[in-house]
Asks: 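Handing you a structure now.
This chain uses plain numbering: 1 for the first residue, then up along the sequence.
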Amino acid sequence: MDARRRNNVVVTGNARGPVVMLAHGFGCDQTMWRLVAPALAATCRVVLFDHVGAGRSDLSAWDARRYSTLDGYTRDVLDICHDLDLRDVVFVGHSVSAMVGVLAVAAEPATFAKLVLVTPSPRYIDDVDYRGGFSAADIGELLDSLDSNYLGWSASMAPVIMGNDDRPELAAELTNSFCRTDPEVARVFARTTFLSDNRADLDQVTVPTLVLECEQDVIAPPEVGAYVHARIPGSRLVTLPATGHCPQLSAPEATAAAIAGFVADSA
């Protein structure tokens, strides 16, 4: 199947500018970038897409086995790059898609020029000498709750993920995004997301990398950003003046400026 149709690929912006590919996280789709993409499009060729099972992707392409690990999503990203003949790509991955970017760059470093990891986490579950932010029991309860009542889980978890209690419209948008996702797809993707461990993949990244974290983020606490920064050689860590796990919605100007500055930086 053509990757453009499968992943609902949309290309916009400056056709002669550097290629910036924006990848959304769990329970979302490419509309999560709507406040950032226009700012980047002034100087960049912006490539947006939906992961299979999300947004306007081809749902017939979804397969539980393929997408039970991040490798399936990584292959899709590489397919898009091949189908569009993209070169020197700056891959911007939010949340779980940050690790998709790590895997894609490790698999085909020649395809990518730079990597931007927005609120990344290589492992959500705490381990010896590692704080991911959740215990194994926490994640077990989260997945059990999602299995038993997905709509209820969406309504309760979206405000936690988004933060910004004084801006309830942000949590409402994330809740609605979650609720548009097929529950079966969400169950598989949740396990793929929250049970993955990509710590060993970080040192395989060989392109310039920007790690963007938020000042307060219960999903990816500061220790995680510091860990990712320390494990990716030569990476740059920037703390955005933002709260929550989705700075492209809560602080779009700062997020877009950080990405654009990194894209333009020739150092």
Asks: Between Tyr150 and Phe178, does the ring centre distance come in under 6.0 Å?
Replies: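 So the answer is no for these two rings.
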
Asks: Please determine whether side-chain contact (heavy atoms from CB on, under 4.5 Å) holds for the pair Val90 and Val19, giving the CA-CA distance in whole Å, both sets of side-chain angles, and the decisive distance to 0.1 Å.
Replies: CA-CA 6 Å; Val90 180; Val19 177; over 6 Å; no

Asks: For residues 102-112, please give each side-chain donor-acceptor pair under 3.5 Å, one per line with the distance, not counting sequence neighbours.
Replies:
unit_1 : atom_1 : unit_2 : atom_2 : d
Glu108 : OE1    : His82  : NE2    : 3.0
Glu108 : OE1    : Thr111 : OG1    : 3.0
Glu108 : OE2    : His82  : NE2    : 3.1

Asks: If I compare all heavy atoms of His51 with all of His24, which pair ends up nearest, and what's the gap?
Replies: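 That would be N-NE2, 2.9 Å.
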
Asks: Identify the heavy atoms of Ile125 and Ser135 that sit nearest to each other, and give their distance.
Replies: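 Scanning both residues, the minimum pair turns out to be CG2-C, 4.1 Å.
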
Asks: Where is the tightest heavy-atom contact between Pro221 and Gly133, given as atom of each residue plus distance?
Replies: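 So the two residues come closest at CG-CA, 4.1 Å.
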
Asks: Please determine which of Asp79, Asp83, Asp58 meets the salt bridge (Lys or Arg N to Asp or Glu O under 4.0 Å) test together with Arg6.
Replies: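 Answer to the salt bridge (Lys or Arg N to Asp or Glu O under 4.0 Å) test with Arg6 among Asp79, Asp83, Asp58: Asp79.
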
Asks: State whether Arg87 and Asp85 are salt-bridged, where the test is any N-O pair (Lys NZ or Arg NE/NH1/NH2 against Asp/Glu carboxylate O) under 4.0 Å.
Replies: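 A salt bridge links Arg87 with Asp85.
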
Asks: Which residues pass the side-chain contact (heavy atoms from CB on, under 4.5 Å) test with Asn176, sequence neighbours left out?
Replies: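 side-chain contact (heavy atoms from CB on, under 4.5 Å) check on Asn176 returns Arg180.
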
Asks: Is there a donor-acceptor contact under 3.5 Å from the side chain of Thr192 to the main chain of Tyr67?
Replies: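 Side chain of Thr192 to backbone of Tyr67, a donor-acceptor pair under 3.5 Å: yes, one is there.
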
Asks: Between Tyr124 and Asp197, is the side-chain hydrogen bond (donor to acceptor under 3.5 Å, both in side chains) condition met? List the steps.
Replies: CA-CA 8 Å; Tyr124 291 91; Asp197 186 348; over 6 Å; no

Asks: Same cluster or not: are Trp33 and Leu174 linked, directly or through other Ile, Leu, Val, Met, Phe, Trp or Tyr residues, by side-chain heavy atoms under 4.5 angstrom apart?
Replies: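 No, Trp33 does not connect to Leu174 through the hydrophobic network.
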
Asks: Would Met157 and Leu142 count as a side-chain contact (heavy atoms from CB on, under 4.5 Å) if you check the C-alpha gap in whole Å, the side-chain angles of each, and the deciding distance to 0.1 Å?
Replies: CA-CA 9 Å; Met157 278 300 297; Leu142 181 153; 4.0 Å; yes

Asks: When you measure from the centre of the six-membered ring of Phe262, is the NZ or CZ of Arg236 closer than 6.0 Å and no more than 45° off the axis?
Replies: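 Negative - Arg236 is either too far from the ring of Phe262 or too far off its axis.
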
Asks: Taking the six-membered ring for Trp, is the centroid-to-centroid distance between Tyr227 and His229 below 6.0 Å?
Replies: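 No - the distance between ring centres of Tyr227 and His229 does not fall below the 6.0 Å cut-off.
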
Asks: Are Glu173 and Arg34 close enough for a salt bridge, meaning some N to O gap below 4.0 Å?
Replies: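 Salt bridge: yes.
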
Asks: Are Val77 and Met99 joined in one hydrophobic group, where the rule is that I, L, V, M, F, W and Y side chains link up if heavy atoms are under 4.5 Å apart?
Replies: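 Yes.
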
Asks: Taking all atoms of both residues into account, what is the closest heavy-atom pair of Phe26 and Ala190, and its distance?
Replies: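 Closest heavy-atom pair between Phe26 and Ala190: CE1-N, 3.6 Å.
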
Asks: So which heavy atom on Glu215 is nearest to which on Leu240, and how close?
Replies: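 Minimum heavy-atom contact is CG-O, 3.2 Å.
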
Asks: Taking all heavy atoms of Phe49 and all of Met21, pick out the closest pair and write down the distance.
Replies: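 Heavy atoms only, the tightest pair is CE2-CG, 3.8 Å.
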
